[in-house]
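For ligands, and for the atoms within them, numbers begin at 1 and follow the listed sequence. Heavy atoms only: backbone and side chains are in, while hydrogens, waters and symmetry mates are out.
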Amino acid sequence: MTKRTGLVLTLLILSAMLLLCGCGKDADNKRNPAAGGGKEQAGALDINALTAQWAESPHSNILLAPAQRDGCVVCHDGGAFAENQTEVAAIERDFFVSIDCRACHTGQGAELMAAGRVDIPTAENVAGGTGALCMFCHNSRKAPKLDDEQRTAPHYSSQADLVSGSGGLRLEGFDYKNTDAHVKLENSCVDCHLTQTAEGFASHSFEFDNVEAACARCHQQITDENLPAAGDYDGDGDKEGFQTEVEGLLTLLQEAVTAELAGGSFASDHGKIVFKDQEGTELAEVPDELYQAAYNYLLVSSDGSLGIHNPALTVQLLQQSYKALTGQNVPQAEIK
Ligand code: HEC
Ligand code: HEC
Ligand code: HEC
Ligand code: HEC
Ligand code: HEC
């Protein structure tokens, strides 16, 4: 009860604030053609429609349980994020809140959008425009090391590791490449995920849902995000959609790990990758190549874009971990 009332109140106050201030440094310019902004028609922004989108979004409907721990709360509670609080005890209320308007449009959120740069565990001072905001939370939380005895797992939010081109467990001596056109988009995540809605404002569903707006200026013929791949990266004899190729590579890598564990399994569990043998007994240690393959598998699968965030790096991480584990390239595949 307290939780919900608090949330609704905050929401109303913030919506009013945003309406009054016009939200953001160049909002006035955008809405006023006389000021030389990009939009031709001046008109009131439909704040109700925008707020309704947020209310349906994953940032509104979040799992609050992870917020209950120090070190977790800063990304899992909108108010803590705005104030950059990493300790639960420092929060002056007895309930947790979702990733609400205040999280992104006040305090730390607003500062990150203005700065356009952010440090993430795998890289410092990453340029992301307004997307620097998203990168603060959507990263794997720790830079991986091949000889890490903890066998640390990437957090469920590994996107920025790939989008910035800095993530993944890499082979020494192999020259990894990024798809620069994707990595260097001015506002990174925001350019693809907050495209303009039919009502004319930045989408607040946060889901990727507009291929035309996000991709077509560079990929003219594109009809959906599963763009036809330039090569048969998984070696199954067909050049399929790029995301289908990445799915194929993920399956191959998972099978290779399972074979190496003689029918065992691996999974992300409380921040670690736990490896089990065929009987389900946890293994005390595994070779580095096995950790590398499992880590990169989890990194790419939890990223959720099936390679679109950084096509070149994604294919290379999967193909090279396969090679390190099995001693051979992915059979019949085009190696990137
Ligand atoms: C304060 C931290 C924080 C910030 C900033 C943030 N997010 Fe999130 N985001 C989350 C959390 C936490 C979840 C997961 C909610 C849940 O499921 O409990 C999430 C979920 C999502 C999802 C849904 C993922 C899925 O698996 O369905 C998308 C998409 C997303 N965020 C995109 C973005 C974008 C784009 C930005 C920048 C505009 C952004 N996020 C900024 C914390 C954040
Ligand atoms: C750097 C920011 C950050 C920190 C710190 C962080 N998380 Fe997360 N976490 C996220 C984001 C963002 C997501 C959403 C990922 C997605 O859906 O793509 C997430 C997702 C999760 C999920 C899955 C939620 C769901 O709806 O499926 C769990 C569970 C979780 N985190 C637990 C934790 C715990 C426990 C801690 C502390 C030990 C923690 N997180 C620390 C950013 C963070
Ligand atoms: C080049 C455009 C592009 C950029 C830049 C981009 N994304 Fe994505 N993102 C996508 C596409 C396409 C998908 C896959 C959507 C699908 O297959 O349904 C996706 C998927 C996701 C997902 C998984 C959603 C789900 O439902 O599981 C999350 C979370 C996400 N992106 C967050 C981010 C974050 C955070 C950033 C910035 C660090 C970012 N994206 C940058 C295009 C982009
Ligand atoms: C996860 C982060 C996030 C959350 C939560 C969020 N926004 Fe935004 N919002 C953004 C980003 C990013 C932009 C685009 C900023 C830019 O391009 O200057 C934006 C833009 C806007 C704009 C300008 C839209 C336009 O097209 O000019 C308004 C108004 C706005 N947000 C209101 C809200 C309100 C109200 C809420 C809560 C219901 C909210 N936002 C929640 C990230 C967020
Ligand atoms: C700013 C321009 C730009 C935008 C926007 C853009 N791309 Fe790309 N994309 C490129 C370039 C350039 C390449 C590299 C082409 C190459 O590897 O020869 C590329 C490569 C790719 C690849 C790899 C193809 C392969 O087989 O190697 C895929 C898949 C892809 N893009 C999908 C998308 C999707 C989906 C979107 C929208 C979510 C998108 N791109 C947005 C410019 C862009």
TODO: Could you tell me whether D147 and K145 make a salt bridge, using a distance below 4.0 angstrom between a side-chain N and a carboxylate O?
DONE: no

TODO: Give a yes or no on whether a salt bridge exists between R151 and D288, defined as a side-chain N under 4.0 angstrom from a carboxylate O.
DONE: yes

Which distance, rounded to the nearest 0.5 Å, do you find between the [atom1] of [X] and the [atom2] of [Y]?
X    : Y    : atom1 : atom2 : answer
T244 : Y233 : OG1   : OH    : 13.0 Å
S302 : Q159 : OG    : CD    : 7.0 Å
Q53  : L194 : CD    : CG    : 8.5 Å
T281 : K276 : OG1   : NZ    : 9.0 Å
M135 : S164 : CE    : OG    : 6.0 Å
D175 : Q316 : CG    : CD    : 7.5 Å

Do [X] and [Y] belong to the same hydrophobic cluster, where Ile, Leu, Val, Met, Phe, Trp and Tyr are linked whenever their side-chain heavy atoms lie under 4.5 Å apart, directly or via other members?
X    : Y    : value
I99  : Y156 : no
F206 : L162 : no
V190 : I308 : no
L299 : V183 : no

- [ ] Check whether any N, O or S atom of C192 sits under 2.8 Å from atom 8 (Fe) of ligand 3.
- [x] no

Task: C189 near atom 8 (Fe) of ligand 3 via N/O/S, less than 2.8 Å - done: no

Can you find a pair of side-chain heavy atoms, one from [X] and one from [Y], that are under 4.5 Å apart?
X    : Y    : value
L298 : F266 : yes
K336 : Q319 : yes
V257 : Y322 : no

Got the closest protein heavy atom to [atom], with its distance?
atom                    : result
atom 2 (C) of ligand 2  : C75 SG, 1.9 Å
atom 25 (C) of ligand 2 : L63 CD2, 4.1 Å
atom 17 (O) of ligand 2 : Y156 O, 4.7 Å
atom 11 (C) of ligand 2 : S157 CB, 3.3 Å
atom 34 (C) of ligand 2 : C72 SG, 3.5 Å
atom 42 (C) of ligand 2 : C137 O, 3.4 Å
atom 32 (C) of ligand 2 : P66 CB, 3.5 Å

Open item on the list: Considering L50, L133, D46, T197 one by one, which has a heavy atom nearer to atom 33 (C) of ligand 4 than any of the others?
Closed with: L50

Report, in ascending order of atom number, the atoms of ligand 3 lying under 4.0 Å from any heavy atom of [X].
X    : answer
M135 : 38 (C)
E225 : 12 (C), 16 (C), 17 (O), 18 (O)
E207 : 26 (O)
Q159 : 28 (C), 29 (C), 30 (C), 32 (C), 33 (C), 34 (C), 35 (C)

- [ ] Restricting to N/O/S, name the atom of H309 that gets closest to atom 8 (Fe) of ligand 3.
- [x] NE2

Task: Heavy atom of Q196, distance to ligand 4 below 4.0 Å - done: no

- [ ] Angle at atom 8 (Fe) of ligand 2: provide the value between NE2 of H155 and NE2 of H76, rounding to 10 degrees.
- [x] 170°

Can you name the atoms of ligand 4, numbered from 1 with element, that are less than 4.0 Å from a heavy atom of [X]?
X    : answer
V190 : 12 (C)
C104 : 1 (C), 2 (C), 3 (C), 4 (C), 5 (C), 42 (C), 43 (C)
I99  : 5 (C)
L194 : 10 (C), 11 (C), 12 (C), 13 (C)
H59  : 1 (C)
D100 : 5 (C)

Open item on the list: Please report whether ligand 4 has a polar contact with H105, defined as an N or O pair separated by less than 3.5 Å (distance criterion only).
Closed with: yes

Open item on the list: For ligand 4 and A202, I'd like to know whether there is a polar contact (N/O to N/O, distance under 3.5 Å).
Closed with: yes

Open item on the list: If we set the cut-off at 4.0 Å for heavy atoms, which region of D303 has an atom near ligand 3: side chain, backbone, both, or neither?
Closed with: backbone

Task: Aromatic centroids of Y297 and Y295 separated by under 6.0 Å - done: no

- [ ] Indicate, with yes or no, if the rings of F136 and F81 have centres closer together than 6.0 Å.
- [x] yes

- [ ] Select one of side chain, backbone, both or neither to describe which atoms of F201 lie under 4.0 Å from any atom of ligand 4, heavy atoms only.
- [x] both

Compute whether any side-chain donor of one residue and acceptor of the other, for [X] and [Y], lie under 3.5 angstrom apart.
X    : Y    : result
S158 : D303 : no
H182 : N310 : no
D100 : S98  : no

Task: Distance filter under 4.0 Å to G71 heavy atoms, resulting ligand 2 atoms - done: 5 (C)

Task: Residue F136 vicinity, atoms of ligand 2 by number, heavy atom under 4.0 Å - done: 1 (C)

Ignoring angles and geometry beyond distance, decide whether [X] reaches within less than 3.5 Å of ligand 3 through its nitrogen or oxygen atoms.
X    : value
S188 : no
Q243 : yes
H182 : no

- [ ] Answer with yes or no whether D191 contacts ligand 3, where contact means a heavy atom under 4.0 Å from a ligand atom.
- [x] no

Open item on the list: Are any of the N/O atoms on R69, whether in the backbone or the side chain, positioned under 3.5 angstrom from an N/O atom of ligand 2?
Closed with: no

Task: Nearest protein heavy atom under 4.0 Å from atom 27 (O) of ligand 2, yes or no - done: no

